[in-house]
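Reading through the structure tokens given below for one structure.
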Protein chains: 2
Amino acid sequence: MAKAKRILKWQRDPEGMRLRILEAAKQEFAAYGLAGARVDRIAAAAGANKRMLYYHVGNKEDLYLEVLEGAYEKIRAEERTLDLEHLDPPDAIGRLIDFTWNYFLRNPEFLALLNTENLAKAKHLKRSTKVKSMHSPFVEMIRTVVTRGVESGDFRVAVDPVQLYISIAGLAFFYLSNSATLSVIFGRDLLKKEARDERLEHMIALVLAALTGKSTAAFVGMPALQSLEHRVV
Amino acid sequence: MAKAKRILKWQRDPEGMRLRILEAAKQEFAAYGLAGARVDRIAAAAGANKRMLYYHVGNKEDLYLEVLEGAYEKIRAEERTLDLEHLDPPDAIGRLIDFTWNYFLRNPEFLALLNTENLAKAKHLKRSTKVKSMHSPFVEMIRTVVTRGVESGDFRVAVDPVQLYISIAGLAFFYLSNSATLSVIFGRDLLKKEARDERLEHMIALVLAALTGKSTAAFVGMPALQSLEHRVV
DNA sequence: ACAGTATTTATCCAACGGGTTAATTTCGGC
DNA sequence: GCCGAAATTAACCCGTTGGATAAATACTGT
């Protein structure tokens, strides 16, 4: 966590301060939820005085909403860099699953923030004009991929793209978001490398088998697939 | 919420009081999370004096753990009544999905409690000897169903039962737990009757298509399946 | 009856936590 | 150089909240 630079007494840095506050707030809200988050801790982590939060952003809920909006903006931005258009339909779906999985892995705070917001019954999201205008490009992407797949004969059947999107997200989200309790229940560490690889393989195999009708690696015991993801953004 | 009976002054009812406290606590923790829950609200909802919580259960965290344990006990009890053994493998999987879906629908607090516990990185669950000894019968159930399915030729491939269980739970859990934010994002009410029916159909079709290799209703546009669930417990 | 214990009520309080007030310091423009 | 707005700090306010104390009341066994 970047500490405030105090060369002599202090320096002005409004933009930097704002960013540090939002980053600290993201970590805090992700770690403790909205009610559990502490304004003082955010300020301390940001290397700021508590008063700064109110000066630069607003009260706790404003801060929370801004963090949430930022989280959505970030994933939407990355989603847009994925162009599934010129991939083979099965590859496109595999890539989508791979991206979703790795995005969640790389951004665990995003999962926690979504859970927090759902606990609040999306109260803040509903008020956010910003987020509502950022519709995910995925649904249309998926729709065209599915259509292409059906036309080419790669896919046996058409699926509602919203259902498919929720399914793919759900397969990844639940595993990661609930890894703590699941690891206790099943008595094995679901976050260790091998377990993560196995999970990705399973998800891709499950979805592709359903769509194409052909079995793939995880279902017939082949070695793990290489992750398709490269650095995005 | 059952109010304390005050016929004349007050009556003793330790067991009833305890149950009312736990029920009220469950609702409160599910609605606000651990940090957001208020001890006074729990007491009020239970028709009890706040002191009773500490007398009958313990402090806030003890109360929370007891609620969590109760939630696990309840689902495990219902799970045990489902015997998938003498069903056709595909029917058994369908029934499992149907049960999971409807259990989550009937017990939304369970979803919220799990999320809360995962936010706490399963800290309480780890300490609970009670929960750790209550393993879900599903994993073994699924293992034998899958084996039978492969032997009978109904299923093309063997799957790790833990992966399959997590996938089935995830398909249902994510949809329901995140229905608030997803409904905003997609601009449609995911909890209305038709949407719920459609989701169940989709989940069953997805998993069975992957396992059996045959397309089913949702994938070819047939009318909705009837829910298989009957009252349990 | 009555003694003793279990259960419940009525208050209280110290710490916490979000938010505010007011004073201080930096720095760009003139 | 210096003025005024912007940025930052320090200190405080005050309602909330988890938890505690102590007194009152109901029930049980004898």
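All values reported here derive from a predicted model rather than from experimental measurement. Chain letters run A, B, ... following the sequence lines, proteins first and then strands; every chain starts at 1. Values below: every heavy atom of this structure, side chains too, minus hydrogens, waters and symmetry copies.
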Proximity to the side chain of A/Pro14 - top-ranked nucleotide from D/dA7, D/dC27, D/dT9 = D/dA7
Check the distance between D/dT8's C1' and A/Gln11's CD and give it to me in whole angstrom.
-> 12 Å
Report yes if at least one side-chain N or O of B/His56 is closer than 4.0 Å to OP1 or OP2 of C/dA6; otherwise report no.
-> no
Rounded to whole Å, CD1 of A/Ile42 lies from P of C/dG17 at a distance of 12 Å
Sub-4.5 Å side-chain heavy-atom contact between B/Phe29 and B/Lys60 = yes
Relative to the ring of B/Phe173, is the ring of A/Phe174 parallel (under 30°), tilted (30 to 60°) or perpendicular (over 60°)?
-> tilted
How many Å lie between CZ on A/Arg12 and P on D/dA7, as a whole number?
-> 6 Å
What's the CZ-C1' distance between A/Arg41 and C/dG19, to the nearest Å?
-> 17 Å
Rounded distance (Å) that lies between atom C1' of D/dC12 and atom CG of A/Asn49 | 13 Å
Lys/Arg cation over aromatic A/Phe138: A/Arg76, 6.0 Å, 45° cone = no
Among the candidates C/dT8, C/dA22, D/dT8, find the nucleotide nearest to the side-chain atoms of A/Met52.
-> D/dT8
Could you give the OH-to-P distance, from A/Tyr32 to C/dG17, as a whole number of Å?
-> 11 Å
Which letter, B, S or -, goes with each nucleotide of nucleotides 14-19 of chain D from 5' to 3', with contact meaning a protein heavy atom under 4.0 Å?
-> ---SBB
Between B/Asp160 and A/Arg188, is the closest basic N to carboxylate O distance under 4.0 Å?
-> yes
Are B/Glu66 and B/Arg18 within salt-bridge range, i.e. N to O under 4.0 Å?
-> yes
Kindly say whether, by distance alone, the side chain of A/Arg51 makes a donor-acceptor pair under 3.5 Å with the base of C/dT20?
-> no
Can you check the A/Glu15 CD to C/dC27 P distance for me, whole Å?
-> 13 Å
Using a strict 4.0 Å threshold on nitrogen-to-oxygen distance, state whether A/Asp98 and A/Arg196 make a salt bridge.
-> no
Whole angstrom is fine here: how far is it from OH in B/Tyr55 over to C1' in C/dA10?
-> 17 Å
Does a salt bridge link A/Arg20 with A/Glu23, judged by any charged N lying under 4.0 Å from a carboxylate O?
-> no
